Peer 1: 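Before I ask anything, let me first share the structure, which is written out below as structure tokens.
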Amino acid sequence: MVINKDSISTIATYQGKLKKSIAQMTRLQRVTHYKSMRNRTRKYLFSIGQPFVYKKNGHILAEYADGKTIIVQ
């Protein structure tokens, strides 16, 4: 594997959206973060034409951008 200096600088300068680590967050901050993360993921998947798949009440559900939800399993 060859690593060039451009890929190293890209890796070194990447920064996520968190201002502090999960371990330093209060319970309320973690709950808020996870809700926003779920919403961002859902929005992104819809933007690329993919369903948002999640588990609820023991069922695996697929939710589509048009509002349709189907039980996968």
Side-chain angles (χ1 to χ4, degrees):
M1 179 168 104
V2 177
I3 299 176
N4 61 31
K5 67 179 183 174
D6 294 329
S7 64
I8 291 172
S9 64
T10 302
I11 293 169
T13 59
Y14 174 77
Q15 182 178 354
K17 293 182 180 268
L18 292 178
K19 291 186 175 37
K20 60 181 167 180
S21 75
I22 297 290
Q24 295 173 329
M25 290 183 182
T26 65
R27 179 167 164 41
L28 179 59
Q29 288 171 326
R30 281 193 306 271
V31 168
T32 304
H33 169 69
Y34 288 132
K35 281 183 182 178
S36 72
M37 185 174 61
R38 177 184 168 100
N39 290 336
R40 285 193 315 269
T41 302
R42 185 174 171 265
K43 184 177 178 180
Y44 172 72
L45 287 170
F46 291 165
S47 76
I48 62 170
Q50 296 295 310
F52 179 63
V53 180
Y54 58 97
K55 188 173 185 178
K56 183 176 181 180
N57 299 329
H59 296 286
I60 297 176
L61 306 170
E63 180 182 342
Y64 293 86
D66 63 1
K68 179 176 68 171
T69 302
I70 61 169
I71 298 174
V72 177
Q73 185 177 10

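Model, not experiment: these values are computed from the prediction. Below, all heavy atoms of this structure are taken into account, side chains as well, without hydrogens, waters or symmetry copies.
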Peer 1: Looking only at heavy atoms, which two atoms of L61 and V72 are closest? And how far apart?
Peer 2: C-CG2, 4.3 Å
Peer 1: For residues 38-45, which side-chain donor-acceptor pairs fall under 3.5 Å, sequence neighbours excluded?
Peer 2:
| unit_1 | atom_1 | unit_2 | atom_2 | d |
| --- | --- | --- | --- | --- |
| N39 | ND2 | K35 | O | 3.4 |
| R40 | NH1 | S36 | OG | 3.2 |
| T41 | OG1 | M37 | O | 2.8 |
| R42 | NE | E63 | OE2 | 3.0 |
| R42 | NH2 | E63 | OE2 | 2.5 |

Peer 1: Is it true that, when you exclude N57 itself, more than 12 heavy atoms of the residues, nucleotides or ligands shown sit nearer than 6.0 Å to its CG?
Peer 2: no
Peer 1: Scan for ring pair (Phe, Tyr, Trp, His ring centres under 6.0 Å) pairs involving residues 45-73, sequence neighbours excluded, and state none if there are none.
Peer 2: F52-Y54
Peer 1: Grab the two heavy atoms, one from Q29 and one from T26, that are nearest each other, plus how far apart they are.
Peer 2: OE1-N, 2.8 Å
Peer 1: For K20, I'd like to know if atom NZ has over 12 heavy atoms of other residues, nucleotides or ligands within 6.0 Å.
Peer 2: yes
Peer 1: Got a second to check how far Q73's CD is from I71's CD1, nearest 0.5 Å?
Peer 2: 11.0 Å
